[in-house]
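Scope of the values below: all heavy atoms of this structure, side chains included, with no hydrogens, waters or symmetry mates.
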Amino acid sequence: MEIMHTMPFFIRSDNKDQDLKLMKACFESLSYTNDTNVVIYNQGCMMEHEIEKLLEP
């Protein structure tokens with residue numbers, strides 16, 4: 001069975017380093033589950049192409 005996660009993606013410009021650490025931990029945790037899909041809702045200061053680059057394997 002596939003699992004779908006929806007994730008508000010909020011990276012603040014004034015706390016970017018800490019927010020990116022939290023993002024990395026979140027995605028690392030999700031990687032332990034098989035058949036996982038994530039839908040990201042960008043709500044922060046980063047452009048979509050920047051997020052795509054961060055999420056490349």
Chemist: Distance check, rounded to the nearest 0.5 Å: T36 atom OG1 versus L30 atom CG?
Modeler: 6.5 Å
Chemist: Measuring only between side-chain heavy atoms, which start at C-beta, is H5 closer than 4.5 Å to N37?
Modeler: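 The answer is no, as the side chains (C-beta and beyond) never meet within the 4.5 Å cut-off.
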Chemist: Output a table of donor-acceptor pairs, distance under 3.5 Å, between side-chain atoms of residues 38-56 and any protein atom two or more places apart or on a different chain; print 'none' if there are none.
Modeler:
residue: N42; atom: OD1; partner: G44; partner atom: N; Å: 3.2
residue: N42; atom: ND2; partner: M46; partner atom: O; Å: 2.7
residue: E50; atom: OE1; partner: M47; partner atom: N; Å: 2.6

Chemist: Tell me whether M23 shares a hydrophobic cluster with F10, the cluster being built from Ile, Leu, Val, Met, Phe, Trp, Tyr side chains joined at under 4.5 Å.
Modeler: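 Shared cluster, no.
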Chemist: Rounded to the nearest 0.5 Å, how far does CG of N15 lie from CG of L22?
Modeler: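 If we round to the nearest 0.5 Å, L22:CG and N15:CG are 9.5 Å apart.
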Chemist: Once side chain to side chain contact (heavy atoms under 4.5 Å, CB included) is applied, do any residues pair with S29, and if so which ones, sequence neighbours excluded?
Modeler: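 None.
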Chemist: F27 and L20: same hydrophobic cluster, using ILVMFWY side-chain contacts below 4.5 Å?
Modeler: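 Result: yes, single cluster for both.
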Chemist: Between T33 and I3, is any pair of side-chain heavy atoms under 4.5 Å apart?
Modeler: yes
